[in-house]
Novice: 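Right, I'll just put the structure down here and ask away after.
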Amino acid sequence: MGKNNSDFNQTLWKTADSLRAQMDAAEYKHIVLGLIFLKYISDSFAEQKERIKEMVTDPKSDFFIRDDLNDINEQDLEDRDYYNQDVVFWVPESARWESLRAKGKQPDIGAIIDRAMGDIESENQSLKGKLDKRFGRTELEAGKLGELIDLISTIGFSDDQNSGDMLGEVYEYFLGQFATAEGKKGGQFYTPRHVVKTLVAVLSPYKGRVYDPCCGSGGMFVQSEEFVRSQGGRRDDISLYGQESNPTTWRLAAMNLAIRGLPENLGKEPADTFARDQFPDVKFDYIMANPPFNISDWGGEKYEDDPRWVYGRPPEGNANYAWLQHMLWKLRPGGQAGVVLANGSMSSNTGGEGKIREAMVRGDVVEVIVALPDQLFLNTPIPVCLWFLTNDKTMNGRDRRGETLFIDARQLGTMETRVQKVFTDEDITKIADTVQSWKKGEGYEDVAGFCKSASLEEIEKNGFVLTPGRYVGPPDEEISSVNFSELLGEYANDLQSMKKLSDLLDDEISRIMQRLEVGE
C-alpha cells in the first residue's frame with residue numbers, strides 16, 4: 001500500500017471511528033464496510049456507463065449507435081448486457097450513491113439505505129441475501145449516518161488506478177483496524193495479510209478447488225487469487241469454496257469477494273461447518289484456514305461416531321483436532337492443507353490429543369510444521385503455528401514418506417508497530433523456498449536453529465511432540481559463539497559465591513539456635 005493511500009486510510013479510519021457513538025466496533029464495522037461496498041459498486045456502474053457512452057458514439061466500435069450522444073436514448077446506455085459482459089453489478093437508480101447522498105440528511109436515511117440494498121439484491125442474483133440491511137436500526141445519533149455518507153463520498157473508486165485493488169486496500173485496512181478495536185473477537189474474522197500470504201506461498205494454489213471451512217471475511221481467497229495472477233494464471237483457474245457460521249461475517253465475505261469480481265461459492269447459507277457441511281460431496285485441491293483457537297463450545301459431544309475422525313475422536317473441550325481432521329477428510333487425493341493453530345496443538349495431551357497427533361504422524365499426513373513469532377496477530381497474544389497436511393507424500397515433489405519438515409521461524413519478522421510484528425516478503429520467501437526445496441529434494445539442507453527434516457523415529461523419540469524447537473536445535477553461530485572456558489569460569493565463580501553465602505547462612509542459623517537454647 002502506497003504512502004498516500006496509507007495516509008488516506010488512516011484519516012478515513014480516524015474520522016469514521018469518531019462517529020461510533022454508542023455502537024461498538026463489532027456492529028459498527030458492518031455499517032462502515034457496507035457503505036464502502038455500496039459506494040464502490042455505484043462508482044463502478046457510473047464508470048461503466050461512461051465507457052458505454054464512448055462505445056456507442058464511436059463509429060469504429062461494434063456497439064456504435066450515433067455520433068451525437070444527445071440523440072441517444074438514456075435507456076440505450078443502461079442495457080444490462082453492457083454491464084454484465086464486464087462483470088459490473090447492476091445498480092438501480094434508487095441505490096446509486098449520489099441519490100443516497102442527496103437524502104443523507106433525512107431522518108429516515110437508514111431505512112432508505114436498507115431499501116437500496118434490497119433493490120441491489122433483487123437486481124443481482126449473486127448478491128441475494130448477502131447484503132446487510134441493518135441501517136434503519138442503527139443507534140447512531142441523528143445526522144451521524146449522513147456524516148458517514150459524506151465521509152465515504154471522499155473515496156473515489158472511478159479514478160485511473162485499479163479501483164478493485166484500492167477498495168481491497170480500504171477494506172483490508174478497515175478489517176485490520178476493527179480487529180484491533182474488537183479485541184479477541186476480531187480473530188474470528190481477520191487473519192493478518194502476511195500470515196495468509198505465508199500459507200499461500202507455501203501451498204501455491206495455482207489451479208483447482210480452494211476451500212476455507214471457516215472463511216471469515218474471505219482473506220484466504222483474495223490472497224489465493226493474487227497468487228494466481230502473480231504466476232501468470234487466470235482468475236478462473238481456481239474455484240473458491242467457503243463456509244462461515246456467523247451470518248454477518250458470511251455477508252462480509254460475499255461483499256469482499258464481490259468487489260474483486262471473484263466468483264465464489266459460500267454455500268446456501270451461513271452454517272456450522274461440523275454440523276452442516278455446505279459441500280458434503282466435494283473434495284478439494286487446497287484448503288487454507290484460520291479456525292478459532294481452542295474453542296470448547298463446538299458441539300463435540302454430538303459427533304461420537306463421525307466418519308471424519310479417522311485418527312481419533314477429538315476432545316469435546318477443544319476443536320483443534322476436529323478442524324484438522326475435517327480438513328483431511330475434505331482433501332482430494334494428493335490435496336494439501338495449511339492451517340493456523342495455537343501452539344498448544346503441537347504438544348497438548350489433553351482429552352487424547354496426543355494419541356490423535358501420534359496417529360496422524362504415523363498415518364503420514366503431517367507434512368510441515370512452522371513455529372511463528374509472537375505478536376503477529378493484532379488481537380491475540382496467543383503464539384501460533386502453521387500445520388501443513390497432505391494425504392499423499394509421493395505427490396507434489398519427491399517421495400517424502402516417513403519424513404516431516406520442521407521450521408522454527410520465531411526469529412523472523414520485523415516490528416511494524418510497538419505491538420505488532422510482520423513478516424516481510426523476504427521472510428515469507430525464505431519459508432516457502434525452504435518447503436519447496438525440501439519437497440523437491442533440490443538444494444535442501446538442514447539448518448541448525450531454523451529447519452530440520454525429521455524421521456518418524458526421531459518424532460517418536462520426542463513423544464510425538466511437534467514443537468519445531470525440539471528438532472532444529474539452537475543456531476550454529478549461537479553454539480560457536482560460546483567461550484566454554486569463560487563460561488565455566490563464570491559458573492565456578494558463581495558456585496564459590498553461593499558456597500560462601502551458604503556458609504554465612506549456616507553460621508547465622510547456628511548463632512540464633514544457640515541464643516534460643518540459652519534463653520530456654
Side-chain angles (χ1 to χ4, degrees), residues 195 198-199 202-203 287-295 309-315 317-329 331 335-374 376 382-393 397 400-412 430-432 434-435 438-439 444 446-475:
V195 175
T198 304
L199 281 177
V202 171
L203 290 178
I287 299 177
M288 293 179 285
N290 173 29
F293 300 151
N294 304 321
I295 56 171
W309 312 151
V310 173
Y311 302 97
R313 184 184 176 188
N318 193 312
N320 287 345
Y321 280 86
W323 286 113
L324 289 173
Q325 292 190 84
H326 171 79
M327 288 178 235
L328 282 167
W329 182 256
L331 285 178
Q336 304 171 77
V339 191
V340 185
L341 283 177
N343 276 2
S345 63
M346 299 184 291
S347 58
S348 172
N349 290 314
T350 305
E353 288 179 325
K355 292 291 185 183
I356 300 173
R357 188 169 54 251
E358 176 181 344
M360 289 174 64
V361 172
R362 291 191 184 280
D364 229 359
V365 295
V366 181
E367 183 154 53
V368 183
I369 299 286
V370 182
L372 297 180
D374 294 340
L376 288 181
I382 297 175
V384 301
C385 58
L386 304 180
W387 288 63
F388 292 96
L389 311 173
T390 186
N391 52 25
D392 191 343
K393 287 185 180 177
R400 307 175 300 285
R401 284 176 292 184
E403 299 176 43
T404 298
L405 177 64
F406 293 92
I407 296 178
D408 190 343
R410 289 177 297 171
Q411 303 306 313
L412 301 182
K430 181 177 182 179
I431 294 171
T434 300
V435 174
W438 174 78
K439 281 186 173 183
Y444 172 81
D446 291 339
V447 177
F450 179 66
C451 62
K452 165 72 175 179
S453 181
S455 65
L456 171 61
E457 291 72 25
E458 289 174 282
I459 297 173
E460 189 172 14
K461 286 178 183 177
N462 280 281
F464 294 94
V465 170
L466 302 183
T467 307
R470 289 199 175 202
Y471 301 91
V472 304

Novice: Does any non-hydrogen side-chain atom of Leu328 lie less than 4.5 Å from one of Val310?
Specialist: no
Novice: Can you tell if the side chain of Tyr444 reaches within under 4.5 Å of the side chain of Leu405, non-hydrogen atoms only?
Specialist: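 Yes - at least one pair of side-chain heavy atoms lies under 4.5 Å apart.
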Novice: Provide the closest heavy-atom pair for Ala454 versus Ile459 in the form atom of the first, atom of the second, distance.
Specialist: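 That closest heavy-atom pairing would be CB-CG1, 4.3 Å.
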Novice: Does Glu403 reach the side chain of Ser455, with side-chain heavy atoms less than 4.5 Å apart?
Specialist: no
Novice: Within 45 degrees of the ring normal and closer than 6.0 Å to the centroid, is that where the cationic atom of Lys430 sits relative to Phe450?
Specialist: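 Because its charged atom sits under 6.0 Å from the ring centre and within 45° of the axis, Lys430 does stack over Phe450.
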Novice: Are any of the side-chain heavy atoms of Met346 and Val465 separated by less than 4.5 Å?
Specialist: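 Not in contact.
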Novice: Quick one: do Trp387 and Leu466 satisfy side-chain contact (heavy atoms from CB on, under 4.5 Å)? Show the steps, please.
Specialist: CA-CA 10 Å; Trp387 288 63; Leu466 302 183; 3.7 Å; yes
Novice: Measure the shortest side-chain to side-chain distance between Val368 and Thr404 over non-hydrogen atoms and say whether it is less than 4.5 angstrom.
Specialist: no
Novice: Between Asp446 and Ser453, which heavy-atom pair has the shortest distance, and what is it?
Specialist: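 Shortest heavy-atom contact: OD1-N, 2.9 Å.
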Novice: Does the pair Trp323 and Ile295 meet the rule for a side-chain contact (heavy atoms from CB on, under 4.5 Å), with working shown?
Specialist: CA-CA 10 Å; Trp323 286 113; Ile295 56 171; 4.1 Å; yes
Novice: Consider side chain to side chain contact (heavy atoms under 4.5 Å, CB included). Of Val340, Asn290, Val384, which one does Val195 pass it with?
Specialist: Val340
Novice: Determine the minimum heavy-atom distance between Glu458 and Lys452, stating which atoms define it.
Specialist: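 In this case the closest contact between Glu458 and Lys452 is OE2-CE, 3.3 Å.
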Novice: Locate the shortest heavy-atom distance separating Ser345 from Cys385; write the atom from each residue and the value.
Specialist: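 Taking Ser345 first and Cys385 second, the nearest heavy atoms are OG-SG, 3.8 Å.
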Novice: Stepwise, does the salt bridge (Lys or Arg N to Asp or Glu O under 4.0 Å) test hold for Glu457 with Lys461?
Specialist: CA-CA 6 Å; Glu457 291 72 25; Lys461 286 178 183 177; over 6 Å; no
Novice: Give me the atom names and distance for the closest heavy-atom approach of Ile356 to Pro315.
Specialist: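 Looks like CD1-CD, 4.4 Å.
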Novice: If you compare all heavy atoms of Leu389 against all heavy atoms of Leu331, which two are closest, and at what distance to 0.1 Å?
Specialist: O-CD1, 4.4 Å
Novice: Quick one: are Leu386 and Thr198 in side-chain contact, heavy atoms under 4.5 Å?
Specialist: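 Leu386 reaches Thr198 side chain to side chain.
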Novice: Would you indicate whether the side-chain heavy atoms of Ile407 and Ile369 approach each other to under 4.5 Å?
Specialist: no
Novice: What's the spacing between Met288 CE and Gln336 CD if we round to 0.5 Å?
Specialist: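 Reported value, rounded in 0.5 Å steps: 10.5 Å.
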Novice: Taking Phe464's backbone N and O only, do any of them form a donor-acceptor pair with Asn462's side chain (distance below 3.5 Å, no angle check)?
Specialist: no
Novice: Regarding Thr390 and Glu367, is there a side-chain donor-to-acceptor distance under 3.5 Å anywhere?
Specialist: no
Novice: Is a side-chain donor-acceptor pair under 3.5 Å present for Arg313 with Tyr321?
Specialist: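 There is no such pair (donor and acceptor under 3.5 Å, judged by atom type) between the side chains of Tyr321 and Arg313.
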Novice: Has the side chain of Lys393 got a donor or acceptor atom that lies under 3.5 Å from a matching backbone atom of Gly402?
Specialist: no
Novice: Hey, does Asp364 have a side-chain heavy atom less than 4.5 Å from the side chain of Asp392?
Specialist: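 They are not in contact (no side-chain heavy atoms under 4.5 Å apart), so the answer is no.
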Novice: Can you tell me if Ser348 uses its side chain to pair, donor with acceptor, with the backbone of Thr350 under 3.5 Å?
Specialist: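 Yes, the answer is positive, given that a donor and an acceptor are paired below the 3.5 Å cut-off.
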